[in-house]
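Just so you know, these numbers use all the heavy atoms, side chains as well, and skip hydrogens, waters and symmetry mates.
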Amino acid sequence: MSVANSSSAKRITTHSLQEMKNKNEKISMLTAYDFSMAQILDAANIDVLLVGDSASNVMAGHETTLPITLDQMIYHASSVVRGVKRALVVVDIPFGSYQGNSRQALDSAIRIMKESGAHAVKMEGGEEIKESVIRVLSAGVPVMGHLGLTPQSIYKFGTYTVRAKEETEAAKLIEDAKILQECGCFAIVVEKIPSKLAEKVSKAIDIPIIGIGAGGGVDGQVLVSHDLLGITKEFNPRFLRRYADLNDIMQKAVEEYIKDVKSENFPSKDESY
């Protein structure tokens, strides 16, 4: 029996991720926003599916993640959950649904869990959202943290460049990671930070550290599926590796279809009733 087949029936949990870190087994994580994509990624035995607020960019065409609403996140999350048998499904709590108000954070998290059937939520920030993280965790909702480049704070940063290059910000990131761990978060995403710092965080923190643009010294990796598959073409950061060029494949398929329709080659007699 192959490794993939032997693990396919075992549901991934937050405990599974901790076991993976303890065994030095890397964690694989990708985004998903709909049922069909979730089915494909889950069948490939991905460990974690993130219903990211990046749906605001990828699915809706917005410039930032800020416009997406809680209702829209729940819609995407519900679609993903229905396509999953194995992966752990984590959902971003969107901008404006938890910052500065721990009661709102709890309400948002409970809505996501109850209405979508997801397994955990993700929140951006460190010490400044500590109260919200604690309140959500107190209700039994697992929380994944997110430090470094936090897209919901893009207008505060003013740029998507690498974060925590300066000693002060790097020290704060490490301290924030410790705070999130002490609060009870089960894992932390670190985005677009120096690889040496990311590795340092991973060694200093007991819970899994999952990187995006943070080098290979962390406990796992996450990418946006549409970027990895080459469906999107405009986004070309250094950390992105494209494993396929589905944009061209899909466009050519549609062009062939149009050609066959115009030439009356489709449908054929065999494709008709």
Where is the tightest heavy-atom contact between [X] and [Y], given as atom of each residue plus distance?
{"X": "R242", "Y": "D227", "result": "NH1-O, 2.8 Å"}
{"X": "Q72", "Y": "P67", "result": "OE1-O, 4.2 Å"}
{"X": "P208", "Y": "Q18", "result": "CD-OE1, 3.4 Å"}
{"X": "I134", "Y": "C183", "result": "CG1-SG, 3.7 Å"}
{"X": "A214", "Y": "A198", "result": "O-CB, 3.2 Å"}
{"X": "D245", "Y": "G230", "result": "OD1-O, 3.8 Å"}

Exercise for the section: Hey, could you give me each pair passing side-chain hydrogen bond (donor to acceptor under 3.5 Å, both in side chains) that has a residue in residues 132-142? Not counting sequence neighbours. Expected result: S102-R135
Point-to-point distance, once rounded to the nearest 0.5 Å, from [atom1] of [X] to [atom2] of [Y]:
{"X": "I93", "Y": "M73", "atom1": "CD1", "atom2": "CE", "answer": "9.5 Å"}
{"X": "R103", "Y": "S108", "atom1": "CZ", "atom2": "OG", "answer": "10.5 Å"}
{"X": "M123", "Y": "L137", "atom1": "CE", "atom2": "CG", "answer": "8.5 Å"}
{"X": "S202", "Y": "L197", "atom1": "OG", "atom2": "CG", "answer": "11.0 Å"}
{"X": "R86", "Y": "D47", "atom1": "CZ", "atom2": "CG", "answer": "5.0 Å"}
{"X": "E191", "Y": "I212", "atom1": "CD", "atom2": "CD1", "answer": "5.0 Å"}

Taking [Y]'s backbone N and O only, do any of them form a donor-acceptor pair with [X]'s side chain (distance below 3.5 Å, no angle check)?
{"X": "S54", "Y": "T65", "value": "no"}
{"X": "N247", "Y": "I231", "value": "yes"}
{"X": "Q181", "Y": "D206", "value": "yes"}
{"X": "D219", "Y": "K21", "value": "no"}
{"X": "T31", "Y": "G52", "value": "no"}

Handout entry: Test: K172 and E167 ion pair at under 4.0 Å
Key = no
Is the shortest side-chain heavy-atom distance between [X] and [Y] below 4.5 Å?
{"X": "D248", "Y": "K233", "answer": "yes"}
{"X": "P94", "Y": "T69", "answer": "no"}
{"X": "R11", "Y": "H119", "answer": "yes"}
{"X": "F186", "Y": "V90", "answer": "yes"}
{"X": "L49", "Y": "M37", "answer": "no"}
{"X": "V189", "Y": "M29", "answer": "yes"}
{"X": "L149", "Y": "I193", "answer": "no"}
{"X": "Q221", "Y": "I210", "answer": "no"}

Check for me, please, whether [X] and [Y] land in the same ILVMFWY cluster - side-chain distances under 4.5 Å, paths through other members count.
{"X": "I179", "Y": "L173", "answer": "no"}
{"X": "F239", "Y": "V218", "answer": "yes"}
{"X": "L50", "Y": "V58", "answer": "no"}
{"X": "I110", "Y": "M144", "answer": "no"}
{"X": "V224", "Y": "V190", "answer": "no"}

Fill in the blank from the handout: Sorted by chain and residue number, the side chain to side chain contact (heavy atoms under 4.5 Å, CB included) partners of L228 (sequence neighbours excluded) come out as L30, L223, Y243
Exercise for the section: Check step by step if side-chain contact (heavy atoms from CB on, under 4.5 Å) holds for L70 and I112. Expected result: CA-CA 8 Å; L70 182 60; I112 287 171; 3.8 Å; yes
Please say whether more than 12 non-hydrogen atoms of neighbouring residues, nucleotides or ligands are located less than 6.0 Å from [atom1] in [X].
{"X": "E131", "atom1": "CD", "answer": "no"}
{"X": "E127", "atom1": "CD", "answer": "no"}
{"X": "E166", "atom1": "CD", "answer": "no"}
{"X": "K26", "atom1": "NZ", "answer": "yes"}
{"X": "E255", "atom1": "CD", "answer": "yes"}
{"X": "K130", "atom1": "NZ", "answer": "no"}
{"X": "M59", "atom1": "CE", "answer": "yes"}
{"X": "Y75", "atom1": "OH", "answer": "no"}

Practice task
Return yes if a side-chain donor-acceptor contact under 3.5 Å exists between S225 and Y33, otherwise no.
Solution key: no
Practice task
For the pair L17 and L88, evaluate side-chain contact (heavy atoms from CB on, under 4.5 Å) and give the outcome as yes or no after the intermediate values.
Solution key: CA-CA 9 Å; L17 302 188; L88 180 77; 3.8 Å; yes
Exercise for the section: Any chance you could lay out the side-chain contact (heavy atoms from CB on, under 4.5 Å) test for I129 and E124, step after step, and finish with the verdict? Expected result: CA-CA 8 Å; I129 64 161; E124 294 184 6; 5.9 Å; no
Exercise for the section: Check the pair K85, D42 against salt bridge (Lys or Arg N to Asp or Glu O under 4.0 Å), reporting the backbone distance first and the verdict last. Expected result: CA-CA 7 Å; K85 294 180 180 177; D42 190 62; over 6 Å; no
Practice task
Walk me through it: do E271 and S268 pass the test side chain to side chain donor-acceptor pair (under 3.5 Å)?
Solution key: CA-CA 5 Å; E271 293 163 328; S268 65; 3.1 Å; yes
Practice task
Scan D34, V91, I68 and name whichever one has a side-chain contact (heavy atoms from CB on, under 4.5 Å) with H76.
Solution key: I68
Problem - salt bridge (Lys or Arg N to Asp or Glu O under 4.0 Å) evaluation trace for D107 with R111 - result: CA-CA 6 Å; D107 290 344; R111 277 201 63 200; over 6 Å; no
Exercise for the section: Check the pair L66 / S56 against side-chain contact (heavy atoms from CB on, under 4.5 Å), numbers first and verdict last. Expected result: CA-CA 7 Å; L66 304 187; S56 180; over 6 Å; no
Exercise for the section: List the steps and the verdict of salt bridge (Lys or Arg N to Asp or Glu O under 4.0 Å) for E199 and K203. Expected result: CA-CA 6 Å; E199 185 173 2; K203 289 179 178 177; 3.3 Å; yes
